[in-house]
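Working notes, beginning with the structure itself.
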Amino acid sequence: MEKYDVKDMSQAEGGRRRIDWAEREMPVLRLIRERFEKEKPLKGIRVSACLHVTTETANLMKTLQAGGADVVLTASNPLSTQDDVAASLVAHDEIPVFAIKGESNEVYYKHLKAALDHKPQLTMDDGADLVSTIHKERRELLNDIIGGTEETTTGVIRLRAMAADKALNFPIIAVNDAMTKHFFDNRYGTGQSTLDGIIRATNVLLAGKTFVVAGYGWCGRGLAQRARGLGSDVVVTEVDPLKALEAVMDGFRVMPMQDAAKIGDVFCTLTGDLNVIDKHHFEAMKEGAIISNSGHFNVEINIPALESLSTSKKLVRPFVEQYEMKDGRRIYLLGEGRLINLAAAEGHPASVMDMSFANQALSAEYMVRNAASLSKAVYTVPEDIDREIARLKLEAMGVVVDVLTPEQESYLNSWEEGT
Ligand SMILES: NC(=O)c1ccc[n+]([C@@H]2O[C@H](COP(=O)([O-])OP(=O)(O)OC[C@H]3O[C@@H](n4cnc5c(N)ncnc54)[C@H](O)[C@@H]3O)[C@@H](O)[C@H]2O)c1
């Protein structure tokens with residue numbers, strides 16, 4: 001395998017401009033980078049990162065490099081790479097990147113393995129593909145690995161399952177579980193960028209449409225609220241009674257997908273679950289229904305079932321595939337069912353990724369310092385890191401908050417005082 005594999009090095013200059021643009025909105029990561037430059041907490045540490053290759057990720061890679069790490073990057077999804085960013089990292093930062101937007105599954109795994117040939121001491125995953133490939137196929141690498149970090153809900157679920165099976169061989173920090181990650185990235189980031197992806201792909205007017213959101217977790221909540229903001233009649237589907245109740249009290253209609261399928265104009269799944277839109281749902285859908293996914297893997301929409309129900313398919317716009325059903329209805333699948341915010345738009349805005357990637361950088365530093373005392377388990381981000389990121393973000397935004405007076409502190413810590 002070559003030293004890197006990107007689409008077109010002539011795009012590097014444009015990539016650099018966009019990376020710099022994102023950096024303006026990443027003040028917390030900038031502060032970390034400045035400290036890393038002086039202290040070099042990751043000196044000589046080999047890092048293999050499997051993340052969406054975006055402008056924000058480029059800023060994280062540059063931060064790790066400033067800390068002394070020896071970094072390589074591969075994509076965490078075949079459709080999420082920004083080719084100009086990949087070229088810029090290679091050309092301007094000498095960071096090997098293995099990622100091409102639209103690569104096949106086969107090339108995706110070839111790239112992932114190339115990143116593993118770097119013999120990482122630290123893994124940085126978004127969806128746990130590095131960790132699972134190491135454990136399944138490259139176990140010789142386990143000797144060198146001190147630990148890893150994981151970016152997303154689906155990856156954390158996979159890793160916790162591995163730990164429960166006693167199959168996990170090194171400690172992982174679940175960056176997703178930091179409050180300064182999922183409260184903001186999953187909700188505000190996914191909420192906005194998913195709509196951005198759907199709109200860029202289709203240019204449909206969302207006002208007056210029935211918009212079906214499957215899953216009312218962190219991502220689903222963010223999307224439902226924003227779709228309502230654009231004038232859609234939002235319907236939520238859920239399996240968890242608490243989340244369903246919350247959706248009802250937030251003012252959304254909640255119903256099973258079988259009923260939602262009949263009335264939805266636009267659908268988006270954000271569950272981390274399998275076949276949430278399935279064969280019998282396609283059978284019930286209206287002519288012209290638009291379906292998309294913003295969950296991590298492209299398994300939430302049963303695409304093989306859609307294929308089996310249709311007589312033909314064709315690409316009618318970039319990222320919009322028209323499936324013609326046997327009865328003449330047309331159903332439109334966006335971005336091959338892959339996360340639409342990264343396939344058809346640019347992923348989350350830099351301002352939220354600032355916090356997610358501040359967590360990544362500080363968790364990498366924490367892992368290097370503390371790996372020896374950690375066991376083969378999934379850890380949450382230490383609370384002091386989480387709070388410090390919130391404090392720095394507020395400071396960067398120019399927001400000042402109150403502090404407890406000594407009297408309040410003592411009151412809140414006492415049990416004697418009552419009525
Ligand atoms: N697109 C992005 O950029 C992006 C960003 C962050 C997270 N993610 C991914 O989005 C997915 C959701 O993440 P989250 O943080 O919101 O998780 P979450 O656990 O907070 O929410 C998922 C919700 O889906 C519900 N659900 C599960 N199966 C369902 C089904 N069959 N029908 C309806 N609802 C169902 C669950 O009850 C839960 O409330 C994950 O795959 C995560 O990795 C994507």
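Everything quoted here is computed from the prediction, not taken from an experiment. When a ligand or atom number is given, it counts from 1 through the structure's own listing order.
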Which residue owns the protein heavy atom closest to [atom], what's the atom, and how far is it?
atom	result
atom 18 (P) of ligand 1	Gly217 CA, 3.9 Å
atom 12 (C) of ligand 1	Leu270 O, 3.5 Å
atom 22 (C) of ligand 1	Thr271 O, 3.7 Å
atom 41 (O) of ligand 1	Thr154 OG1, 2.5 Å
atom 30 (C) of ligand 1	Val239 CG1, 3.6 Å
atom 39 (O) of ligand 1	Glu238 OE2, 2.5 Å
atom 10 (O) of ligand 1	Gly295 CA, 3.5 Å
atom 9 (C) of ligand 1	His296 N, 3.7 Å

message: Do Lys286 and Asp265 have side chains that approach each other closer than 4.5 Å (heavy atoms only, starting at C-beta)?
response: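 Yes; the side chains approach each other to less than 4.5 Å.
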
message: For the 3.5 Å polar cut-off, considering only N or O atoms, please tell me whether Tyr216 and ligand 1 meet it.
response: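 In this structure, Tyr216 places no N or O atom under 3.5 Å from an N or O of ligand 1.
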
field: Any N or O of Glu300 closer than 3.5 Å to N or O of ligand 1
entry: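 Min N/O separation from ligand 1 is not below 3.5 Å for Glu300.
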
[X]-[Y] side chain donor-acceptor pair, cut-off 3.5 Å:
X	Y	result
Asn77	His52	no
Ser193	His348	yes
Asn186	Asn176	yes

What atoms of ligand 1 come within less than 4.0 Å of a heavy atom belonging to [X]?
X	result
Thr152	6 (C), 7 (C), 8 (N), 9 (C), 42 (C), 43 (O)
Trp218	15 (O), 16 (O), 20 (O)
Thr237	33 (C), 34 (N)

Lys113: partners by side-chain hydrogen bond (donor to acceptor under 3.5 Å, both in side chains), with sequence neighbours left out: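 Expected list: Glu137.
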
query: For His280, what residues pass the side-chain contact (heavy atoms from CB on, under 4.5 Å) criterion, not counting sequence neighbours?
result: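 With neighbours one apart ignored, the set is Gln258, Asp278, Glu283.
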
message: Using a 3.5 Å distance criterion without hydrogens, assess whether the side chain of Glu150 forms a donor-acceptor pair with backbone atoms of Ala128.
response: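 Confirmed, Glu150 side chain pairs with Ala128 backbone.
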
Of the listed options ([options]), which comes nearest to [atom] when hydrogens are ignored and any heavy atom counts?
atom	options	value
atom 13 (O) of ligand 1	Val236, Asp185, Thr153, Val254	Thr153
atom 4 (C) of ligand 1	Val352, Leu223, Thr190	Thr190
atom 28 (N) of ligand 1	Asp273, Thr269, Asn176, Asn293	Asp273
atom 16 (O) of ligand 1	Gly127, Cys219, Gly222	Cys219
atom 44 (C) of ligand 1	Gly197, Ser294, Cys268	Ser294

- prompt: Given that the side chain starts at C-beta and the backbone is N, CA, C, O, which of these parts of His182 lies under 4.0 Å from ligand 1, counting heavy atoms, or is it both or neither?
  reply: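 Neither part.
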
- request: Give, for atom CZ of Phe282 and atom CD of Glu307, the distance between the pair rounded to the nearest 0.5 Å.
  value: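 Atom-to-atom, Phe282:CZ and Glu307:CD are 10.0 Å apart.
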
Are the charged groups of [X] and [Y] less than 4.0 angstrom apart, N to O?
X	Y	answer
Lys181	Asp177	no
Glu103	Lys110	no
Asp354	Lys393	yes
Glu23	Arg30	yes

- prompt: His52 near ligand 1, heavy-atom distance under 4.0 Å?
  reply: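 It does not, in that no heavy atom of His52 comes within the 4.0 Å cut-off of ligand 1.
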
